[in-house]
Each structure stands twice: as C-alpha cells, then as structure tokens.
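This report concerns only the one structure given below.
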Amino acid sequence: MKWTYTLSEPTLDDDEAQAAADCIRSGWLSMGPRTQAFEERFAEMHGAKHAFAVANGTAALHLAYLAMGLGDDDRAGDAPGEIIQPSMSFVAAANMTIAVGAKPVFADIVSLAEPTIDPAHVAKLITGRTRAVVVMHYGGYPARIAELMDICAARGVPIIEDACHGPAQAVPSLGGRKLGTFGAVGCFSFFANKNMTCGEGGMVITDDDALAARLKAQRSHGMTTLSWERHKGRAATYDVTAHGFNYRIDDLRSAVGLVQLGKLEAANAARRRHAEAYAAAFAAYKDERLQYVFADHVKAGTAHVGAVLVPAAQRGAVRQALADQGIQTSLHYPPIHLFTAFGGRSHPDLDRTEAFAGRVITLPLYPGLPDDAPREIAEAVWKAVG
Ligand SMILES: *Cc1c(COP(=O)(O)O)cnc(C)c1O
C-alpha cells in the first residue's frame with residue numbers, strides 16, 4: 001500500500017546522519033560521552049535533577065517500578081501490590097506491572113473529550129494495597145495532574161508519569177513545569193513514531209537522589225561502574241550491588257537523540273499547528289457526530305496524536321473510506337482490559353474508556369504533514385460519515 005498520507009513520519013535529515021556518522025568514526029558506540037550529553041540536555045530541558053537514557057520507553061517504566069519497589073509484595077510472598085493506571089493507554093505500563101509481580105487496576109477516563117485518567121475514579125480505587133498510580137498524558141495533553149497529585153499525596157501513594165507522548169510540554173497552570181516532572185519518576189519513549197526519535201530509546205527522569213541511584217544501577221546489571229568509566233581510567237573494576245538488567249541505550253542512538261532534542265520544540269509547534277487546523281476543520285462542519293479530541297485546548301499539548309470521534313457504528317467504514325483515498329489511520333488505543341491477556345472482559349466501571357475506544361480514529365499527524373492535509377483529511381472523514 002502506498003499512502004498519500006501516512007499516520008506518522010519521523011523528521012530526520014542530514015544533521016542526524018552526520019551525528020551518527022561522527023559517532024561511528026569516533027570508534028565508541030556503546031553508552032559513553034554522547035549519552036551523557038543527551039541525558040544532561042534532556043534533564044535541563046525538563047527541569048529535572050536526573051535523567052537516564054535507556055533502551056526504550058517500556059524499559060523506562062520497568063526501571064521506574066523496580067526502583068520504587070512496586071513488586072516488593074510479590075517478592076516477599078505477599079499478595080501483589082496494585083498499580084492504578086488507565087486502560088486507555090499503550091499496553092507497556094500494564095505489561096511491566098505484571099513483569100514486577102504487581103496487579104494492574106484500571107481507571108476510566110475523564111470524558112470522551114478528555115481521555116486521560118479520571119481523578120475521581122482513582123480516588124475510589126485507592127486501597128491499602130495501592131502501591132502507585134500511573135498517569136499517562138494522552139496525545140501529550142496534560143492529565144488532571146494537580147488533582148491527581150492532591151489525591152495521591154493525601155493517601156501517600158506515589159505517581160509515575162508515562163510521559164511518552166509529551167516530551168518538552170510545559171503546563172502553564174502549574175508554573176510552566178514540564179510533563180514528567182510531577183510524578184516521582186517520569187518515563188519517555190523515542191520510538192520512531194514519537195515526537196522525537198532515535199529508532200528505539202527512552203528516558204527516565206527524577207528529582208529523587210535515592211531513586212536515581214537505583215534507576216542508574218538497575219539499568220546496567222546493578223554494576224557500580226560502566227565500560228566507559230573504566231575506559232577513561234576512572235574505575236578499575238566493579239561491584240554488583242543490586243539485581244539489574246541491560247537496559248542501556250548506545251551512543252549511536254544518543255547522538256541521533258541529541259540532534260532530535262534540539263529540534264523538539266519546533267517539531268511540537270508544527271504538530272500543534274496541524275492539530276489546530278484539524279480542530280478548526282471539524283468545528284466548521286458543526287456536526288455533533290464528529291468531535292476532535294482535546295479541541296477545547298488543542299494548543300496545550302504536544303499533539304502526539306490527532307484523534308477524532310465518529311459514530312461507533314460507522315467507524316470501520318470511515319477507516320476503509322480513508323484507506324481507499326490513501327489516508328492511513330490507526331486506533332489509540334484498544335483498551336487494555338479488553339485484551340485477552342488482561343481478562344478480555346467489558347467492565348462497567350470503564351464505560352467511558354470503552355465508548356471512546358469504539359469511536360476513536362487517529363489521523364495522520366506529524367511535523368512534515370503538508371499544511372492543507374488536515375482540512376483535506378477532515379473533509380474525507382466528514383464525507384465518509386455522510
Ligand atoms: C510508546 C509508548 C510506550 C512504550 O515505549 P517503547 O519505547 O515503545 O517501549 C509506553 N507508553 C506509551 C503511552 C507509549 O506511547
């Protein structure tokens with residue numbers, strides 16, 4: 001299939017190619033000076049004390065859970081601790097919950113217009129077994145983070161931010177702080193369809209020194225030093241002080257990530273412009289069957305996805321009509337609780353999540369999308385709905 005408009009395209013040019021080539025010519029490919037520079041720049045841009053680059057966003061979440069001890073009940077032979085999280089998300093946070101021996105407890109979304117985790121439902125779900133709440137900023141649009149922080153702080157439950165959609169997104173109502181800095185740990189992904197990419201990659205950020213030490217150690221086998229440090233003569237040997245993984249990134253990808261980081265604000269701005277064009281085009285039809293998601297505050301996020309709601313009964317036909325016109329679409333997301341491995345059963349407490357998932361279509365949205373494409377694609381949706 002040759003698409004006229006693909007769902008997503010990375011923005012890469014000679015700068016990334018040059019950075020990768022420079023890294024190869026330097027003779028040092030594994031984690032080293034470029035990764036350190038990437039981490040320092042990322043931490044600085046987000047106003048975080050510590051940043052650690054990792055293999056991917058899923059590894060970032062896994063390390064966050066481990067560092068916070070979320071699987072400790074299971075390891076002690078007790079009933080699993082619970083991690084409250086949205087079902088309207090990518091499956092990684094839920095899979096890593098199972099990986100550490102904890103139990104995912106799914107919360108509903110606020111509304112169909114605001115598909116982020118509902119603070120009121122979170123408050124009801126918190127019990128003595130709750131070990132953490134995962135907040136995911138759908139599309140890079142801030143979840144109700146102030147309310148969630150109040151609820152969780154009052155009950156002594158830490159927050160982990162799955163900020164994979166929201167790098168470099170400030171929240172003006174909260175002093176301009178960036179997404180990923182409100183929780184104990186913030187997790188990011190640099191997969192090829194994200195707002196910045198290095199192929200596969202991720203980042204964990206935190207202001208907590210003790211968590212930082214554990215994140216850093218468990219990224220690399222629980223070892224106390226890295227090859228790079230030994231190469232530089234800063235260390236002669238190492239100890240293993242925890243049980244860890246190899247979740248390291250490499251300098252080849254950090255070199256690319258560093259270039260992408262420099263372009264991130266401009267890339268996010270271009271996405272916001274396209275999202276505004278979508279919102280304006282859908283609004284112009286004055287057709288209540290069509291609702292552009294986050295239309296009311298379309299500029300407040302990174303516009304990682306452009307999502308529109310159509311009538312559930314027509315969703316398949318609309319996607320087919322768009323595909324016939326060369327317009328690629330997707331679904332963000334099939335609810336996690338409906339996946340076979342997570343029970344596969346409808347849940348009355350998650351009715352807004354299920355309604356949203358039945359109506360949503362995600363449309364092409366990336367910085368290099370032609371300026372007239374959102375209007376053209378919106379028109380194709382409108383015509384297909386009939
Ligand atoms: C992409 C993504 C992840 C996982 O990141 P990977 O780098 O693909 O492992 C987790 N959560 C959300 C919301 C994502 O969009």
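The first residue in the sequence is number 1, and the count goes up from there. Numbering of ligands and ligand atoms starts at 1, following listing order.
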**Prompt:** Parallel, tilted or perpendicular for F42 and F190, by the 30°/60° rule?
**Reply:** perpendicular
**Minimum side-chain heavy-atom gap H50-L215 below 4.5 Å** = no
**Nearest-contact summary for atom 9 (O) of ligand 1 - protein heavy atom, Å** = T58 OG1, 2.5 Å
**Prompt:** Should you measure from each heavy atom of M136, which atoms of ligand 1 turn up under 4.0 Å away?
**Reply:** 13 (C)
**Message:** Do H62 and Q218 pair up side chain to side chain, a donor and an acceptor below 3.5 Å, judged on atom types alone?
**Reply:** no
**Message:** Tell me the protein heavy atom at minimum distance from atom 1 (C) of ligand 1, and give that distance in Å.
**Reply:** K194 NZ, 1.6 Å
**Part of Y333 with heavy atoms under 4.0 Å of ligand 1, whether side chain, backbone, both or neither** = side chain
**Fill in**
Within 4.0 Å of some non-hydrogen atom of G57, the atoms of ligand 1 are 5 (O), 6 (P), 7 (O), 9 (O)
**Message:** Is there a polar contact between ligand 1 and L61, counting only N or O atoms under 3.5 Å apart?
**Reply:** no
**Request:** Using the six-membered ring wherever Trp is involved, compare the ring planes of H347 and H337 and label them parallel, tilted or perpendicular (cut-offs 30° and 60°).
**Result:** perpendicular
**Request:** Kindly check if the number of other-residue, nucleotide or ligand heavy atoms within 6.0 Å of CZ (F342) is above 12?
**Result:** yes
**Whether over 12 other heavy atoms sit under 6.0 Å from D14 CG** = no
**Asked** Which word best sums up how the rings of Y138 and F356 line up, parallel for under 30°, tilted for 30 to 60°, or perpendicular for over 60°?
**Response** perpendicular
**Asked** Which of the atoms in ligand 1, numbered in the order shown and given with their element, are less than 4.0 Å from a heavy-atom of N56?
**Response** 7 (O), 9 (O)
**Request:** Mark up the atoms of ligand 1 that fall under 4.0 Å of a heavy atom belonging to H165, in ascending order.
**Result:** 13 (C), 15 (O)
**Request:** Below 4.0 angstrom from a heavy atom of D162, which ligand 1 atoms are there? Numbered from 1 as shown, please.
**Result:** 10 (C), 11 (N), 12 (C), 13 (C)
**Message:** Are any of the N/O atoms on E200, whether in the backbone or the side chain, positioned under 3.5 angstrom from an N/O atom of ligand 1?
**Reply:** no
